[in-house]
Amino acid sequence: MKRISLLFLIVICGVAFYACENTEVQQLNIVPRPVEVQVTKGHFLLTPQTVIQVEKGEENIVPACRFFADYVGRSFGSPLKIEEGGTARNAIHVAIDTTLGQEAYQLTVNKKKIDILAGSGVAVFYAFQTLRQMTPVAMEKGEKMTVAEIQNAVIKDEPRFAYRGAMLDVGRHLFTVEDIKTFIDMLALHKLNRFHWHLTDDQGWRIEIKKYPELTKVGSMRKETVIGRNSGKYDGQPYGGYYSQEEVKEIVKYAADRYITVIPEIELPGHAGAALASYPWLGCTGGPYEVVKEWGVFEDVYCAGSEKTFQFFEDVFDEVISLFPSEFIHVGGDECPKEAWKKCPKCQRRIKKENLKNEYELQSYFVHRMEKYLNSKGRKIIGWDEILEGGISKTATIMSWRGTRGGIEAAKQGNQVIMAPNTYVYLDYYQALDREKEPFAIGGYLPIEKVYSLEPTLGLNPEESKMVIGVQANTWTEYIKDFKHVQYMVLPRLAALSEVAWTPASEKDYASFINRIVALSGRYDALGYNYAKHILSVIGTTKLNREKKELELTLAPTGEKYEIHYTLDGNKPTPESPLYKDKLKIRENCSVKALLFREGEPLGKEYQKDFTFSKSAFKKVTLSSQLALTYSAQGGMSLTDGVRGSEDFQDGNWLGTSIDDIVLVIDMEQPTTYTKVSVSCLNRPSDRICLPESIKVYQSNGDQYYFKVAELKNIDSLKDMQTKGIKKLDIEVEKGEGRFIKVVVERKKRLPEGHPASGAAPYLFVDEVEVN
């Protein structure tokens, strides 16, 4: 990279974007991506003498300015001065424009000054968060500096959704007040504005309620905790704790200072174990109960037939309301078994008295009744999508977690919706397929690109889409015992969620996001955050050019001080290896390895991909199978592109089906002699993906008749059902010669005995088909 000026050379730490060669214009790396960015030449020089000038009469926005003044002050030795009025140079001018949206801002940086025009104080805060990401990373550490360059630019920005949230479960595992504050800081960095605090569950009651002291004396402590996934073995260690009301107030204020609203969740009518252990009269049987030691869903729930239950919740919510100014109170409403109610005389009397049809309508009655009480106190409820069952009021907001179906249904009914589908935003899921190298987690697979791909209004028309007020990421902590683990699971997937929440769908671009998140990771490092570094690993995407008979391999990420070096011979890349600058053209067998380097130091995991081109390489494939929509192998194009699929069956290379055999025909373009056909298949029994029953090979020279030339049977003997991985299955052909080669991969019809899903139809996954 060429040096631009002597001043650039002496700046202690480079700014958080890379300088383009032969120009002063630099690419901004801001997450979430702003709506509009125009980068211009030159820089503003931020110094200890820079002042923040607030327009007269707008003293209420001073707190938003103070955040940045203090942030910069850690490096400059003292905070920037904040003044009322003035038009000085070397200043940051802040003014309110009520014609802008409440969260909208315009940020203009030029050589003389910085101008911030914002719709409100919260928009000022977001403008400074953007400016923060334009400052040197060294400022995150508070390293001593005398000057910092900020790239000249004009930014116009506002969020797509009003509700941009993240949930942290403290019912299963508890985190300190300082941990919670750090979590709030993480939200602020990503311009998220709602902290959903899951405070009660079967395994622990975590908030002090003064009228009911047993909730924290008894309900906050479990005798021991199950080891692993309900193994039946326990650690023998008492576990618990809670937040006092003074600590709650401290956290609520800390969040408010960062323009984040804390939404408490008091779970009802299920997930009640901790409360029932504290006050057995809250249950249908009167106990005895204990704070639950395992994970899961349990039959003991709050008694819906007892008036004492509703009085209890009114008392609890009175104290909760006094602590949380949030418009919303989350009441849970999920995973409430009905067995206890079916057996309870009081609940059955309630059903009869209220003319309810069944226990589902009894749950709806429970939620409605508490909603009316909270409405009378000026509050609204949020509930998980189960509260749709039995009917809901128009004033309830639905948080859709079981996919997006519940949210779509609620939006069509006219209810407000927050999309939080487990398949996209449950951050307690694994983020890599190689689970053995990951911290223990609940299960599932949610890579960052899947989070980024969420479209919250999919399936809704424009009017219905208006009912979707936002999105939320959830972190459940059954298997997350400490805050370092929380950070690892949340970051950087939270950044992907923030861009879904903030950036217009038309402006989202995953390739751009990768480069920007690599830059943001430098701030994570400076802040001491324990984040997952998968994003720092090189990823490769290929594009087939059938006419030129070549593959284009694109490697990412790249950015300021980040370089990719690669090799084509299978050797480990070093800083002396070729520097990746543009797409690689792959035309012959090779083994590509690539590694990301920052200032000469390797980062993340090594990218490795073997490219093997057989006689069928780049030949056209015709399919006649019913395919799973997600697993179409790019319409069959990837079956002969020389790229082998990985164990990630969602990588786009795999052809997958559970309803048909896979039948494909390769046009070799001219009669071709061959002695072997190889088919790569995936075996992941835990995901119901199994090797085929058999593979048959047929050939033809252009007429309608195909005759069989080879068959591979008894494939089970080649691979143990308990072993996962990719198996290359070779079918030897004694006399192979033809232009058209048909391959029939016969799937297993049922999973075998001994499999947890015995009798169900398995998936068959095929990738590269090679003819040699």
Side-chain angles (χ1 to χ4, degrees), residues 1-3 13-23 25-31 33 137 431-434 437 447-449 452 491-492 495-496 509-525 531-545 550-611 641-646 648 651-653:
M1 187 181 295
K2 292 187 177 181
R3 272 55 175 172
C13 181
V15 289
F17 30 71
Y18 67 89
C20 301
E21 200 166 26
N22 294 324
T23 180
V25 176
Q26 299 172 325
Q27 179 67 39
L28 300 184
N29 287 315
I30 299 169
V31 178
R33 188 177 193 171
V137 173
Q431 51 197 317
L433 280 172
D434 192 356
K437 296 181 181 178
I448 190 170
E449 56 266 32
Y452 194 83
L491 300 175
D509 180 86
Y510 187 65
S512 164
F513 173 74
I514 291 174
N515 289 333
R516 287 179 286 112
I517 200 65
V518 169
L520 184 60
S521 71
R523 296 189 183 274
Y524 294 165
D525 288 329
Y531 63 99
K533 296 180 174 57
H534 305 90
I535 199 71
L536 298 182
S537 301
V538 175
I539 62 171
T541 55
T542 56
K543 182 179 180 181
L544 174 64
N545 189 324
E550 68 180 19
L551 288 170
E552 293 180 347
L553 174 62
T554 301
L555 301 177
T558 57
E560 181 238 357
K561 295 188 178 179
Y562 297 87
E563 297 178 340
I564 295 175
H565 293 272
Y566 68 93
T567 63
L568 300 176
D569 57 6
N571 288 323
K572 187 177 182 65
T574 69
E576 287 71 43
S577 300
L579 174 66
Y580 174 78
K581 295 181 179 179
D582 200 0
K583 299 180 181 72
L584 301 179
K585 310 295 184 181
I586 308 294
R587 302 185 181 92
E588 56 187 31
N589 293 357
C590 61
S591 179
V592 178
K593 287 189 175 181
L595 195 57
L596 186 66
F597 292 84
R598 178 169 59 194
E599 297 179 332
E601 294 297 321
L603 299 171
K605 296 179 181 178
E606 182 180 79
Y607 169 83
Q608 194 277 328
K609 179 67 74 173
D610 292 327
F611 297 91
D641 62 358
V643 182
R644 297 184 187 279
S646 68
D648 176 2
D651 66 6
N653 289 304

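Given the structure is predicted, the values throughout are model-derived calculations rather than measurements. Side chains included, hydrogens not; waters and symmetry mates left out as well; all remaining heavy atoms used.
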Chemist: Would a line drawn from the ring center of Tyr580 to the ring center of His565 be shorter than 6.0 Å?
Modeler: no
Chemist: So, does Ser537 use its side chain to make a donor-acceptor pair with the main chain of Gly604 at under 3.5 Å?
Modeler: no
Chemist: Does Tyr562 use its side chain to pair, donor to acceptor, with the backbone of Val518 at less than 3.5 Å?
Modeler: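 Here the side-chain-to-backbone pair exists.
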Chemist: Please find the pair of heavy atoms, one from Asn653 and one from Arg644, that lie closest to each other, and give the distance.
Modeler: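 So the minimum-distance heavy-atom pair works out to ND2-O, 4.3 Å.
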Chemist: Is Lys572 reaching over with its side chain to a backbone N or O of Ala594, donor-acceptor style, under 3.5 angstrom?
Modeler: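 No; judged by distance alone, with no hydrogens or angles, the pair does not exist.
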Chemist: Looking only at the aromatic ring of each residue, does the gap between the centers of Phe513 and Tyr452 stay below 6.0 angstrom?
Modeler: yes
Chemist: Got a sec: does the CD of Glu588 have more than 12 other heavy atoms crowding it under 6.0 Å?
Modeler: no
Chemist: Testing the basics here: between Gly540 and Tyr607, what is the closest heavy-atom pair and its distance to 0.1 Å?
Modeler: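 Closest approach of Gly540 to Tyr607: N-CE1, 3.6 Å.
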Chemist: With rounding to the nearest 0.5 Å, note down the distance linking CZ in Phe611 to CG in Leu551.
Modeler: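 It is 6.5 Å, given to the nearest 0.5 Å.
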Chemist: Establish, for the pair Lys533 and Tyr531, whether the NZ or CZ atom is under 6.0 angstrom from the six-membered ring centre and no further than 45 degrees off its axis.
Modeler: yes
Chemist: Measure across Gly600 and Pro575 and return the closest heavy-atom pair with its distance rounded to 0.1 Å.
Modeler: O-CG, 3.7 Å
Chemist: Work out which heavy atom in Ile517 is nearest to a heavy atom in Val31; give both atom names and the distance.
Modeler: N-CG2, 4.3 Å
Chemist: How close do Val538 and Leu596 get, heavy atom to heavy atom, and via which atoms?
Modeler: CG2-N, 3.4 Å
Chemist: Does this structure show an ion pair linking Lys583 with Glu552, if we count only N-O contacts that are shorter than 4.0 Å?
Modeler: no
Chemist: Taking the side chain as every heavy atom from C-beta outward, state whether Lys605 and Leu603 have any pair of such atoms under 4.5 Å apart.
Modeler: no
Chemist: Quick check: closest heavy atoms across Pro573 and Ser577, and the distance to 0.1 Å?
Modeler: CA-OG, 3.5 Å
Chemist: Pick from Asp569, Thr567, Thr574: which one makes a side-chain hydrogen bond (donor to acceptor under 3.5 Å, both in side chains) with Asn571?
Modeler: Asp569
Chemist: Would you call Lys543-Asp641 a salt bridge at under 4.0 Å N-O?
Modeler: no
Chemist: Under the 3.5 angstrom rule, does the side chain of Arg587 hit a backbone N or O of Glu550 as a donor-acceptor pair?
Modeler: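 Here the side-chain-to-backbone pair does not exist.
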